[in-house]
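Both backbone and side-chain heavy atoms feed into the values below; hydrogens, waters and symmetry mates do not. Count residues from 1 along the sequence. In listed order, ligands and their atoms are each counted from 1. Quick caveat: nothing in here was measured; it's all calculated off a predicted structure.
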Amino acid sequence: MQIHKIAVIPGDGIGPEVISEGCKVLEQVARLDGGFRFEFTTFPWGCEYYLKNGRMMAEDGIERLSGFDAIFLGAVGFPGVPDHISLWGLLLTIRKSFDQYVNLRPVKLLRGAPCPLKDVRREDIDMVFVRENSEGEYAGSGSWLYRDTPREVVLQNGVFSRHGCERIMRYAFELARREQKTLTSVSKGNALNYSMVFWDQIFAEVGREYPDVKTASYLVDAASMMMVKRPEAFEVIVTSNLFGDILTDLGAAIAGGLGLAAGANINPERKYPSMFEPIHGSAPDIAGRQIANPLATVWAASQMLDFFHHDAWGRRLLDVMEDVLTEGKILTPDMGGTATTAQVGDEIVSRLGR
Ligand code: NAI
Ligand code: MG
C-alpha cells in the first residue's frame, strides 16, 4: 500500500472550512482506489498562531514540513495581522524554502461553471499558467532608506536570474510538448528594459531546443485584453511571478470565479514537498458561516492526485465537479445555490462512489 504523507495547514478564515472538504474528498478517492492512502498531519499555523506566538509558523516549521510528500493549504490572512506579515511568514516562506519554483494554475471553464464573457464557447477557455514562483518581482529584494523622513526612498528590485528563467521556461516547454499545445510567453520588454528584455531573450534561446512547440510572445497589457477578447488564443502560458499572479486572477474571473480556482506550487525535482491550495484568500467576510465554496480546494486536490501520478483520479474529480455544477442543485451561494460548504463536499464524495 502506497502512503502519501500530507501536511495540512488549514490557516485562517474560510481555510479550515474548505480544507476539511478537500481532505474528505481525498480520503474517499483513496478508499475507492484501494491501492494508496493518505496520512494527514494538521498544523495550526496562521494568524491566530501569530497573535499568540509572534510568528506565523513554528520556528522549526520548515524542517518539520520537509518530511512530507505534499502540503495542502487552505488560506492565510486575517484582519489584525498585516497582510505582508501573514504572506511572507508562511506562504512565501514555504514556496521559497522548498524551491517550489513552478506555480501551475489551470484556467479552464468547467461544464456548468458561470462565465461573464459573452459569445465564448466553453472549450475556448482552456489554458494553464506556468508562473515563475521563486524570484522576479516577488524576490523580496529592496531597501527602505531614510524611513519616516521627508527624504524616504523605497527600492523594490525585480530579480531575474538565468537559472531561474531557464528552468521555468523549460518546464513550460516540456508541458507544452507533452500535451501538444502552443506556448505563449507574457512579458513587458518595451518598458522593463532589463528584466523583460532578458526574459524574452531566454525564451527565444530555450525555444530553440523545442522546435516542435509553436510559440507566441505578448506584452502583458495586450495579453490581458486578449484573455477577455480571444481566450482561445492561449493554451500554455509562461510568465513572471507578478504578471502570473495578476493574470491568473483574471483567469479565475473568466473561468467560474475565485470559488473554483486552484493552484499548485511545485518543486519539479521532488527534492522538497510541493504545495496545493485554492488561490482565493481567507475571505474574512464570510468566514465561519459554512457558505464558502470548497470546489477550488477540490480542484487543488485533483492537482495533487495528478502530481502523485493518480491522473485518472485527478480527471475523475474534475468530471464529478462538472456534474455537480451542471446539475446546479448542490452549490454554495457564490454559485447561486443554497448548500453549505460541507454539503458540497459530501455531494462530491457520494458521486465519486457512484
Ligand atoms: P479573498 O479571496 O479572501 O476574498 C475575495 C472575495 O471573494 C470575498 O468577497 C470573498 O468572500 C470571496 N471568496 C473568496 N473565496 C471564496 C470561496 N471559496 N467561496 C465563496 N466566496 C469566496 O481575498 P481578499 O478579501 O482580498 O483577502 C482576504 C485575506 O486573504 C487577506 O488577508 C489576504 O492577504 C489573504 N489572501 C490569502 C491568500 C492565500 O492564502 N493564498 C490569497 C489571497 C489573499
Ligand atoms: Mg494572487
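- Residue nearest to atom 22 (C) of ligand 1, selected from Leu258, Ile286, Asp334, Asn293: Ile286 (by heavy-atom distance).
- Close approach to Ala283 involves these atoms of ligand 1, each under 4.0 Å from a residue heavy atom: 3 (O), 10 (C), 11 (O), 14 (C).
- When only interatomic distances are considered, the shortest N/O to N/O separation between His280 and ligand 1 falls below 3.5 Å.
- Below 4.0 Å from some heavy atom of Ile279 lie the following atoms of ligand 1, by number and element: 42 (C).
- Using bins of under 30°, 30° to 60° and over 60° for the plane-to-plane angle, the ring pair Phe308/His4 lands in the parallel bin.
- The contact set between ligand 1 and Leu91, taken as ligand atoms under 4.0 Å from a residue heavy atom, comprises 41 (N).
- Arg151 forms a cation-pi arrangement with Tyr146, by the criterion of a distance under 6.0 Å to the ring centre and an angle within 45° of the ring axis.
- Those atoms of ligand 1 with a heavy atom of Glu277 less than 4.0 angstrom away are 41 (N).
- The shortest separation from a heavy atom of Ile14 to ligand 1 is under 4.0 Å, placing the residue in contact.
- Note: Phe36 and Phe38 have perpendicular aromatic rings, judged against thresholds of 30 and 60 degrees for the angle between ring planes.
- Figure legend: Arg270 and Phe307 shown as a cation-pi pair, the cationic atom lying under 6.0 angstrom from the six-membered ring centre and within 45 degrees of its axis.
- No heavy atom of Ala296 sits closer than 4.0 Å to any atom of ligand 1.
- Residue-ligand proximity, Ala292 to ligand 1, at heavy-atom distances under 4.0 Å covers atoms 19 (N).
- A salt bridge links Asp212 with Arg177: the closest approach of a Lys/Arg side-chain nitrogen to an acidic carboxylate oxygen falls below 4.0 angstrom.
- Closest to atom 30 (O) of ligand 1 by heavy atom, among Pro284, Gly77, Ser282, is Ser282.
- Between Gly281 and ligand 1, an N or O atom pair is found at a separation short of 3.5 Å.
- Residue-ligand proximity, Ala75 to ligand 1, at heavy-atom distances under 4.0 Å covers atoms 40 (O).
- Counting heavy atoms from C-beta on, the side chains of Asp306 and His310 never come closer than 4.5 Å.
- Only the side chain of Asp285 comes within 4.0 Å of ligand 1, counting heavy atoms alone; its backbone N, CA, C and O stay farther away.
- Judged purely by distance below 3.5 Å, without hydrogens or angles, the side chains of Asp200 and Ser187 pair a donor atom with an acceptor atom.
- The side-chain heavy atoms of Glu137 and Phe160, taken from C-beta on, include a pair separated by under 4.5 Å.
- Side-chain contact check for Cys165 versus Phe198: some heavy-atom pair is nearer than 4.5 Å.
- Heavy-atom distances between Val76 and ligand 1 reach below 4.0 Å in at least one pair.
- Ligand 1 places these atoms under 4.0 Å from at least one heavy atom of Phe78: 32 (O).
- By the criterion of side-chain heavy atoms lying less than 4.5 angstrom apart, applied directly or through intervening Ile, Leu, Val, Met, Phe, Trp or Tyr residues, Met275 is not grouped with Val130; the two fall into different hydrophobic clusters.
- Near Asp83, the atoms of ligand 1 lying under 4.0 angstrom from a non-hydrogen atom of the residue are 31 (C), 32 (O), 33 (C), 34 (O).
- Judged by the 6.0 Å and 45° rule, Arg316 forms no cation-pi pair with Trp313.
- Within the structure, the closest approach of Leu295 to ligand 1 does not fall below 4.0 Å when heavy atoms are considered.
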